[in-house]
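Not measured: the values here are computed from a predicted model.
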Amino acid sequence: MGKIIAITQISVDGVMQAPGGPDEDPSSGFTHGGWFMHYGDDLLNKTINETIAGEFEMLLGRRTYDIFASYWPQHDDNPIGKAFNKAKKYIATRTLDQTHWHNAQVVHDVEEIGRLRASDGPDIHIWGSGNLLQTLISAGLVDEHRLWIAPVVLGGGKRLFENGVPAGRLALVGTQITSTGMIINTYRPSGPLPGA
């Protein structure tokens, strides 16, 4: 069985909205799109290359799918694009019946995602996909969080752990600090809060 691994670019105040570009997700008046792109260095590049090396599948929410599918198929010359285009992709949506990105298919509910997680196969990576992550965290289906924490406070926006996700402990299983002050942490869920 593969693990479901959430790979999230996040601010110190927990915001994950629109890390990659100014027009990525301006919903609710968010004006800081592209905030993450100033913090790359050799260690982050090494981390990304290790993350996309080997076989993995992808699970994306509808908005992230639309963003990725409009960009990465035209960038197969980029190592990320090459890996993403090759990977099998599952799109969690109730509003899309067909996909146009190679090797992509729609999944309709949490039960179907649970069956994918339980089946034989490689790890399943989730990039972005904040609404989907809220659902999967609540269902106990995220096996690992890879948080790439940029030294920035955004003051508002969509957060990884929104109000209402279940309380619980995380075990820190890896940490590194980049030359730009980013902290690369890997956590795994480790049970309920003490005394809960």
Side-chain angles (χ1 to χ4, degrees), residues 2-25 30-61 63-65 67-89 122-130 132-133 136-137 142-162 165 168-190:
K3 295 181 295 192
I4 292 183
I5 300 172
I7 301 157
T8 310
Q9 295 89 34
I10 191 169
S11 67
V12 170
D13 57 337
V15 175
M16 65 179 293
Q17 186 170 354
D23 301 319
E24 185 177 327
D25 180 6
F30 189 75
T31 59
H32 303 299
W35 55 269
F36 186 80
M37 303 313 290
H38 309 288
Y39 296 101
D41 74 344
D42 289 343
L43 178 56
L44 178 62
N45 290 336
K46 178 176 181 275
T47 301
I48 291 170
N49 289 335
E50 289 171 352
T51 301
I52 63 173
E55 188 180 0
F56 63 92
E57 296 177 344
M58 297 172 70
L59 175 61
L60 303 172
R63 179 185 295 270
T64 303
Y65 167 75
I67 293 166
F68 280 20
S70 69
Y71 181 81
W72 289 117
Q74 291 79 43
H75 293 86
D76 207 45
D77 55 338
N78 178 296
I80 298 171
K82 187 172 184 178
F84 283 5
N85 291 328
K86 176 184 171 190
K88 186 168 190 177
K89 293 161 281 287
D123 290 340
I124 301 171
H125 294 179
I126 304 174
W127 296 77
S129 305
L132 173 61
L133 275 176
L136 297 180
I137 291 167
V142 177
D143 298 294
E144 187 170 285
H145 288 280
R146 296 183 186 175
L147 303 184
W148 301 349
I149 307 164
V152 61
V153 173
L154 297 172
K158 296 176 184 174
R159 299 182 189 285
L160 172 59
F161 300 107
E162 290 284 6
V165 299
R169 294 180 298 143
L170 297 172
L172 179 66
V173 297
T175 189
Q176 299 179 84
I177 299 175
T178 73
S179 65
T180 61
M182 188 181 351
I183 302 170
I184 300 172
N185 283 347
T186 300
Y187 296 96
R188 292 186 186 133
S190 62

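Expressed to the nearest 0.5 Å, how far CD1 of I149 lies from CD1 of I10 amounts to 6.5 Å. Distance CG/L154 to CE/M16: 12.5 Å, rounded to 0.5 Å. One distance of note links CD1 of I184 with CH2 of W148; it measures 7.0 Å at 0.5 Å rounding. Here the OH atom belonging to Y39 is positioned 9.0 Å from the CE atom belonging to M182, to the nearest 0.5 angstrom. Atoms CG and CD1, on N78 and I52 in that order, are 7.5 Å from each other to the nearest 0.5 Å. Rounded to the nearest 0.5 Å, atoms CD1 (I7) and CD1 (I48) are 10.0 Å apart.
Residues H38 and W35 come closest through the heavy atom pair CD2-O, 3.6 Å. V173 approaches Y187 most closely through the heavy-atom pair CG2-N, 4.4 Å. Minimum heavy-atom separation, S190 to R169: O-NH2, 2.7 Å. Smallest separation of non-hydrogen atoms from P122 and E57: CG-CG, 3.7 Å. Across all their heavy atoms, T64 and G128 have their closest contact at OG1-C, 4.0 Å. Considering every non-hydrogen atom in both D143 and P189, the closest pair reads O-CD, 3.3 Å.
One N or O on the side chain of Q17 and one on the backbone of D25 form a donor-acceptor pair closer than 3.5 Å. In terms of modelled atom types and a separation under 3.5 Å, the side chain of R188 and the main chain of A171 share no donor-acceptor contact. No side-chain donor-acceptor contact under 3.5 Å links N185 to the backbone of L147. Distance alone, capped at 3.5 Å, places no donor-acceptor pair between the S129 side chain and the I126 backbone. With hydrogens and angles disregarded, a donor-acceptor distance shorter than 3.5 Å links the side chain of T47 to the backbone of L43. Put simply, the side chain of R159 gets close to the backbone of D13: a donor and an acceptor are under 3.5 Å apart.
Taking the six-membered ring for Trp and the full ring otherwise, F30 and H32 have centroids separated by under 6.0 Å. For F161 and H145, the ring centers are positioned less than 6.0 Å apart. A centroid separation of 6.0 Å or more is found between the aromatic rings of F68 and W127.
Contact annotation: the side chain of K46 never approaches that of D42 to less than 4.5 Å [non-hydrogen atoms, C-beta and beyond]. By the 4.5 Å heavy-atom criterion applied to side chains, L133 and L160 are counted as neighbours. In this structure, the side chains of P73 and N85 come closer than 4.5 Å at one or more pairs of heavy atoms. For the pair T51/R146, a side-chain contact is recorded, criterion being any heavy-atom separation below 4.5 Å from C-beta on. Put simply, the side chain of L59 does not reach to within 4.5 Å of the side chain of H125, judged on heavy atoms.
Between the side chains of D41 and T180, no donor-acceptor pair of N or O atoms lies under 3.5 Å.
Salt bridge status for E144 with K3: present, with a side-chain N to carboxylate O gap under 4.0 Å. Remark: K86 does not engage D76 in a salt bridge, criterion side-chain N to carboxylate O under 4.0 Å.
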Assess whether side chain to side chain contact (heavy atoms under 4.5 Å, CB included) is satisfied between D77 and K82, documenting all intermediate values.
CA-CA 6 Å; D77 55 338; K82 187 172 184 178; over 6 Å; no

Assess the residue pair T186 and T175 against the criterion (side chain to side chain contact (heavy atoms under 4.5 Å, CB included)); give the C-alpha distance rounded to whole Å, side-chain angles, the decisive distance to 0.1 Å, and a yes or no.
CA-CA 6 Å; T186 300; T175 189; over 6 Å; no

Just do the side chain to side chain contact (heavy atoms under 4.5 Å, CB included) check on V152 and V12 with the steps written out, would you?
CA-CA 6 Å; V152 61; V12 170; over 6 Å; no

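Using a 30° and 60° split on the angle between ring planes, F84 and W72 fall in the perpendicular class, above 60°.
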